[in-house]
Amino acid sequence: MKKAYNPKAIEAKWQKEWEKSGVYRQYARKEKYYVLDMFPYPSGAGLHVGHPRGYIATDVVARFKQLSGYGVLHPMGWDAFGLPAEQFALKNKIHPEVSVKKNIATFKKQLRNIGFTYDWEREINTTDPAYYKWTQWIFLRLWKKGLVYESHDPINWCPSCKTGLANEDLDNGRCERCESVVEKRPLRQWVLRMTRYADRLLRDLDTQKLEWAESIKEQQRNWIGRSEGAEVIFYIADTEEEIRVYTTRIDTIFSGTYVIVAPEHPLVAKLLNFQFPTRLPDGQVSNFQNKNEVKQYIAAAKKKTDLERTDLNREKTGVELKGISVINPATMEKIPVWVADFVLGQYGTGAVFADAHDRRDFDMAKKYGIPLKVSIRPAGDEGLWDKVERLEECFEGEGTLVHSAQFDGLTSAEARPKIIDWLAKQGLAKKKVNYKMRDWTFSRQRYWGEPIPLIHCDPPAGGCGVVAVLEKDLPVKLPQVKSYQPTDSGESPLADIAKWVNVKCPKCKGSAKRETNTMPQWAGSCWYYLRFIDPQNTKALVDRKQEKKMMPVDVYVGGTEHATRHLLYARFWHKFLYDIKAVSEKEPFKRLVNQGLIMAADGRKMSKRWGNVVNPDDMIAEFGADAFRVYEMFMGPFTQSIAWNTDGVVGTRRFLEKVWRLQSKLITNNEQRTKENKSLESLLHKTIKKVTEDIEEFKFNTAISAMMILVNQLEKEKEVSSILYSRFLILLSPFAPHIAEELWRSLGEKKSIFLAKWPKWNPKLLVSETANVAVQINGKLRAVLVVETGSDEETVKTMAFANPKVMAHIEGKEIRKVIYVRDKILNIVAV
RNA sequence: GGGCGAGUGGUGGAAUGGUAGACACGUUGGACUCAAAAUCCAAUGCUGGCAACAGCAUGAGAGUUCAAGUCUCUCCUCGCCCACCA
């Protein structure tokens, strides 16, 4: 009898051996396969059992692809810049650099225990100057192409994190990290012109045939938020001033009875500042009557947070600009102008025209007694039209135009292009595409990030302005500081370090100052997948030849939480790199798979706070890494959220024990014997097919259940041929690599199982000799017949009618119809 | 309000329109053992019945079909994402 299964001993042994021999580094192979995890932020808490789910899946795929003959790139690294690392460091009074190093060591040790194929020679760390040199390099290229600009517009400011945030960092008006309500704060900041790529980011989701979950693509589409409409000019009566309005419903223009502008709209400020050129014959400068009221309203709106302003349940408020009117370009009527804070300054033109066909406009008009008109008649439903016409109900849908001059009778869709054309000819409107997506607010007023490689040369006498750091001077390293506490002033803590801040201007050599803002957390992860291909390169961010060979990433695995940030930012940068010919593909990630979250046994998220965290180290100590891996893949569909259940690991450990015990049934290599047992041979081939196809589709749970079925059968056999057993071990090896390698070697194999060839199934052997045909009478199962595979209808019918159970159910009935599906079912319709 | 998913035993979950509940956990009974653990064998959707068997069953209701967890429609519930975007 062989010795008992002892995962502890064999797992450590093989992990060492694999790493020493570099068995996974088969990069010379002709066909490549790049399988990538979303690299983690190394938190101080270490891994819980939820984290490795995705890593185990990519490891299964990586091993499977290597066995299938590919040269597999499967790297790992650390995304260690950003607020979480800094806050952890602040709280624990350790410099981020030190704590990050320590956390990485913990993570790495934990990951190693699970037995991954990661090529640690390619490990990267976004906080390493040798890495962020290239993050800064890309920034400079963006700068040179005019895709970086300085802005002083109010931005989202988190009072607790003390930094500006991008739109993508907000969750319902709150800071995504600390849940503080975000304020608007005017702050100097650097912004990336991501909107210039909006259209390509949208289109390439489809044109580049990305194999991503439809839900993620849809989230990106919604985020980009493209809409087609028109920009329409409303002249301010008796002046040459105009208000531009964006609309997707120009078919309703004839019912536009007022215009609403956002409190931030520059024109309002202009009107308030007496810069209102009129041409009134009596020489009056302005007829704006209620300036104070308007000023108060705007001041109040500014105080509100976005959370308050966008509260849907809030009643609409607004103030009329009394004495000001604009001209509806379609009707040429004078209509009033209102300011209301539900109109957003940043979207479209910051102004809209209002009518009875929009719920918000309708409600506001009713509240303030503003006149309304209708111009769209809903199809059918006379009762509805009655109410709409009497302004009792708001109709927001499309319909037929009425009270719209020459456009009467057209449908909304027909009317839109015609109205735009008509107005365009008079210079009053043009087609316009709008996006919800904003440019990317790229500066953070914090310490722990990549320094932005710009220099301000503006001495009182006048200087060069903002100047880029020379490429040869990269990286701009983060200086060592004593205090990296964020400030309330909107200044980065870096601003206090005179030694670092004061530099010579690269252009005029005069004294200048460094930019002290740092890049956001997401910068480093925008291109890391490229660096893995060529991590030591000092001449370029990646060697073009190698990039061409390895890209795109064939399969990318990670959580859905990155749908509109990392995945959008990375695609944006990648497209830019494509434009400057630094990479050869338009899209970086060909296939994207999102793992479901692993929840705690109590159904909540695993968190220290709830005390429900399960540590993988404990699971491995108790059950072994292989049982742990197999359980994580077996517990449920990969993309679905699921609660952890330690009892389940018992089951996969038992399965591996069974596999181990099969050794006692082994008979020496005897192909003949294997072939004699036809049903077993057939089962093996079915298993090969199932496991192969399921791994490709990330259906690991059913792949494992297929292997369990095979093992349960093998257990029943008196003897098991070692040929069959060794093939099974290859199937098992991606999931449970250590035990598979151990058993493989004990068969006398000299080379690693991971240098073996993945078995192929023979379609001829999939067919068993007999088939079970279910006999239904009126759709109800009454008997199951065992027939020779491929039997014809007559044979099966004869057998069925001879069956006593069948006879009992059709006795005295008329047979109306018989349906036969070969080797599957015979349905008798009898009345 | 909009979009995307999902509702199947005690539990996690299987099921190209063709035997619903594979595989696993748990539970119950048995074998082995002085005993326990481990292991093995058997049973395990619900209802009735000693049993053979019958009936009912995939969130609810209708429809298509010889046949529906699967397709169509209506509704309910839950989850996730977005949301005053004009």
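Since the model is a prediction, treat every value here as computed from it, not as a measurement. Each chain gets a letter, A, B and so on, in the order the sequences are listed, and its residues count up from 1.
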First of Lys716(A) and Arg654(A) reached from the 5' end of RNA chain B, by closest nucleotide:
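Checking each residue's closest nucleotide, the 5'-ward one belongs to Arg654(A).
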Pick the nucleotide of RNA chain B nearest each of Pro637(A) and Ser227(A); which residue has the one closer to the 5' end?
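Looking at RNA chain B, the more 5' nearest nucleotide goes with Pro637(A).
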Once you apply a heavy-atom cut-off of 4.0 Å, does [X] come out as touching a base, just sugar-phosphate, or nothing?
X	answer
Asn778(A)	nothing
Ile819(A)	base
Gln640(A)	sugar-phosphate
Lys690(A)	nothing
Val245(A)	nothing
Asn434(A)	nothing
Arg816(A)	nothing
Val784(A)	base
Glu561(A)	nothing
Leu344(A)	base
Ser215(A)	sugar-phosphate

[Y] and [X] side chains, donor-acceptor separation under 3.5 Å:
X	Y	result
Asn712(A)	Lys658(A)	yes
Asp199(A)	Tyr435(A)	yes
Asp694(A)	Thr702(A)	yes
Glu168(A)	Trp223(A)	yes
Asp439(A)	Thr195(A)	yes
Trp644(A)	Asn612(A)	no

Quantified in whole Å, what is the [atom1] atom distance between nucleotide [N] and nucleotide [M]?
N	M	atom1	answer
G59(B)	U8(B)	P	6 Å
A57(B)	G21(B)	C1'	11 Å
G45(B)	A38(B)	P	25 Å
C34(B)	G12(B)	P	41 Å
C71(B)	U16(B)	P	11 Å
G7(B)	G61(B)	C1'	16 Å
U64(B)	G9(B)	P	28 Å
G29(B)	C81(B)	P	46 Å

Taking OP1 and OP2 of [N], is either one under 4.0 Å from a side-chain nitrogen or oxygen of [X]?
X	N	result
Lys805(A)	A52(B)	no
Arg782(A)	C53(B)	no
Asn645(A)	A24(B)	no
Lys658(A)	C23(B)	no
Arg661(A)	U39(B)	no
Asn701(A)	A14(B)	yes

Electrostatic pair [X]:[Y] at N-O distance under 4.0 angstrom:
X	Y	value
Asp361(A)	Lys316(A)	no
Asp363(A)	Lys367(A)	no
Glu218(A)	Arg221(A)	yes
Arg416(A)	Glu228(A)	no
Arg249(A)	Glu396(A)	no

Provide, to the nearest angstrom, the distance between the [atom1] atom belonging to [X] and the [atom2] atom belonging to [N].
X	N	atom1	atom2	value
Phe234(A)	A86(B)	CZ	C1'	12 Å
Gln776(A)	U65(B)	CD	P	17 Å
Tyr258(A)	A86(B)	OH	C1'	12 Å
Gln595(A)	G5(B)	CD	P	20 Å
Lys699(A)	G12(B)	NZ	P	20 Å
Phe638(A)	G13(B)	CZ	P	15 Å
Asn222(A)	C80(B)	CG	C1'	13 Å
Gln346(A)	A83(B)	CD	P	12 Å

Which of residues 347-363 of chain A have a heavy atom under 4.0 Å from RNA chain B?
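Here the set is Tyr347(A), Val352(A), Arg360(A).
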Starting the side chain at C-beta, find the nucleotide from [options] nearest to [X].
X	options	answer
Lys817(A)	C23(B), U19(B), C66(B)	C66(B)
Lys780(A)	C23(B), C56(B), G12(B)	C56(B)
Lys436(A)	C85(B), A22(B), G18(B)	C85(B)
Leu781(A)	A86(B), U19(B), C23(B)	U19(B)
Lys824(A)	U16(B), C66(B), A86(B)	U16(B)
Asp647(A)	G26(B), C23(B), A54(B)	G26(B)

Would you mind pulling out the nucleotide paired to C56(B), Watson-Crick or G-U wobble, both distances under 3.5 Å?
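Checking every strand shown, C56(B) finds its partner in G45(B), with both distances under 3.5 Å.
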Tell me the partner of C85(B), counting only Watson-Crick (N1-N3 plus N6-O4 or O6-N4) or G-U wobble (N1-O2 and O6-N3) with both under 3.5 Å; none if nothing fits.
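Its partner is none (no Watson-Crick or G-U wobble pair with both distances under 3.5 Å).
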What about Lys316(A): does its side chain form a donor-acceptor pair under 3.5 Å with the base of C84(B)?
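Yes, the side chain and the base share a sub-3.5 Å donor-acceptor pair.
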If you take atom types as modelled and just measure distance, does the side chain of Asn827(A) reach the base of C66(B) with a donor-acceptor pair under 3.5 Å?
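Under the 3.5 Å cut-off, the side chain and the base do form a donor-acceptor pair.
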How would you label the glycosidic angle of G9(B): syn (within 90° of 0) or anti?
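Syn conformation for G9(B).
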Take atom NZ of Lys605(A) as the centre, draw a 6.0 Å sphere, and report whether it contains more than 12 heavy atoms from other residues, nucleotides or ligands.
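No, the 6.0 Å shell around NZ holds no more than 12 heavy atoms from other groups.
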